[in-house]
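Since the structure comes first, as structure tokens, the remarks are kept for the end.
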There are 2 protein chains.
Amino acid sequence: MTLPDPKLLANIRVVLTRTSHPGNIGAAARAMKTMGLSQLYLVDPAIFPNSQADAMASGATDLLAQTRVCATLAEALADTTLALGVSARRRDIVAEVLTPPEASARLLADAQTAPVALVFGNETSGLSNEELSLCQGLVTIPANPDYSSLNLAAAVQVLCYEVRQAWLGRGSWPQPEMDAASGDEVEKFYAHLETALAELEFLNPGSPGKLMLKLRRLFARTRLAKEEVNILRGILTAAQEAKAAARQTGTAAHNS
Amino acid sequence: MTLPDPKLLANIRVVLTRTSHPGNIGAAARAMKTMGLSQLYLVDPAIFPNSQADAMASGATDLLAQTRVCATLAEALADTTLALGVSARRRDIVAEVLTPPEASARLLADAQTAPVALVFGNETSGLSNEELSLCQGLVTIPANPDYSSLNLAAAVQVLCYEVRQAWLGRGSWPQPEMDAASGDEVEKFYAHLETALAELEFLNPGSPGKLMLKLRRLFARTRLAKEEVNILRGILTAAQEAKAAARQTGTAAHNS
């Protein structure tokens with residue numbers, strides 16, 4: 001039996017944010033390797049590297065050795081075109097809630113052209129709203145409604161298992177419908193948006209409140225294309241120029 | 001959403017044989033409970049009960065409290081009509097190798113009428129040939145051929161996840177084709193077979209070699225019905241009586 005293209009699996013990264021127990025990092029690495037995934041990213045882990053992580057990784061310490069440790073989730077997702085957050089609970093923060101097979105098909109489709117990510121939150125608190133706002137979709141493992149608390153590495157195992165089954169089941173996936181913006185491009189857009197809104201005095205930089213979070217939710221649902229980001233940023237620039245001109249005129253008027 | 005009949009999941013037990021690390025027992029209990037399974041059987045565990053098992057079980061310590069500890073695998077399977085062994089490697093010991101979804105459908109079909117089991121071996125050595133000979137089929141999790149070593153609790157999680165997905169996907173399963181013999185009935189048949197073969201001097205009780213194991217493999221493949229066990233045992237009894245009569249005649253002849 002010839003296996004499908006291994007590059008697809010190499011483009012699917014697992015991102016663990018704010019992991020408390022190093023043993024879970026090792027166990028997650030082992031779970032990934034059994035399913036042929038290799039790209040492990042850690043965001044602000046409590047303890048890493050660590051001997052407990054090595055012990056739990058068993059034969060997957062090579063993944064730990066090449067793990068990328070990032071300060072922020074945005075950094076871990078900077079070059080990705082699709083990030084799916086894994087969460088036990090439905091939340092209103094993103095529109096789409098995918099099953100593991102649906103998520104796997106989506107990830108493999110995008111992995112043909114760019115890196116994609118499965119994002120797992122802290123063992124106790126899960127993904128924060130801020131972290132979810134960086135994801136374009138939510139994956140939920142259908143579980144016992146009376147006790148849905150999978151161990152972190154167990155959740156990684158189930159998702160990586162489904163990714164592998166989808167990968168084994170089909171040699172190719174439909175091309176992504178659009179040229180999706182990368183996480184980095186989208187983050188630059190949000191930064192631009194925040195600056196522009198402050199300049200427009202629509203947002204108070206001293207107390208931005210939930211405005212930016214709400215705007216992130218809105219755009220996260222749509223999965224922005226590169227072209228759309230360029231258009232939106234063009235509009236922002238035009239608004240900024242208008243405001244600057246208005247200020248100049250206003251100043252001029254005051255001074256006149 | 002109304003869920004399918006919970007009795008089906010209550011009829012599917014997880015049997016862990018010769019588990020070395022009590023933490024894995026607790027983690028397996030947690031994995032089971034997240035998927036709605038509750039019947040955990042332990043065969044000759046190294047250490048149980050244990051505080052590490054409780055810690056890893058997290059919110060599933062209720063499963064540990066009602067866990068059945070058995071001396072032998074045959075005891076754990078005595079009332080089951082179907083036992084599937086989970087193994088990373090293909091072996092020649094049983095004919096059928098099922099994928100996790102295939103195994104789940106099979107287990108749920110039989111669970112309508114009797115207890116069934118998923119059997120997991122020791123962390124390092126897996127299931128022994130003797131243990132596999134008590135199973136009617138083998139389940140293999142499709143994994144990375146270069147590193148297929150799933151953690152025990154991770155394998156339990158994947159299988160229980162697939163059982164739950166199959167359970168959620170369909171409210172009912174076809175009735176089992178036949179009135180399957182229970183594990184206990186089949187074991188009694190094997191004991192009868194061994195006794196009869198010894199009496200027939202076909203088998204040397206001092207060195208049975210691989211004969212009984214080969215016969216077990218043969219019958220394990222077929223999944224014996226209750227009626228078939230009765231027929232086979234009737235044949236054995238007839239053979240035993242014939243041999244006894246022959247011996248009597250022989251003795252009589254010598255004595256005459």
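The shown structure was predicted, so the numbers you read here are calculated from the model rather than taken from an experiment.
- At least one side-chain heavy atom of B/M35 sits less than 4.5 Å from a side-chain heavy atom of A/I141.
- Between chain A and the residues B/M56, B/E162, B/R30, the most heavy-atom pairs under 4.5 angstrom are made by B/R30.
- To the nearest 0.5 Å, atom OH of residue B/Y147 and atom OG of residue A/S38 are 14.0 Å apart.
- Side-chain atoms of B/N144 and A/R164, non-hydrogen and from C-beta on, do get closer than 4.5 Å to each other.
- When heavy atoms are compared at a cutoff of 4.5 Å, A/T99 does not approach chain B at all.
- Here the closest non-hydrogen pair linking A/Q165 and B/P142 is OE1-CG, 3.3 Å.
- Residue contact with chain B, scored on non-hydrogen atoms closer than 4.5 Å, involves the backbone of A/A57 exclusively.
- Looking at A/A154, both its backbone and its side chain come within 4.5 Å of chain B, counting heavy atoms on both sides.
- If you measure heavy-atom distances from A/Y161 to chain B, the contacts under 4.5 Å come from the side chain alone.
- Here A/P100 is the residue among A/A27, A/P100, A/A155 with the most heavy-atom pairs under 4.5 Å with chain B.
- Counting heavy atoms from C-beta outward, B/S148 and A/T34 have side chains that stay 4.5 Å or more apart.
- Of the two parts of A/L37, neither the backbone nor the side chain holds a non-hydrogen atom closer than 4.5 Å to a non-hydrogen atom of chain B.
- Taking the side chain as every heavy atom from C-beta outward, B/K33 and A/S149 never approach each other to under 4.5 Å.
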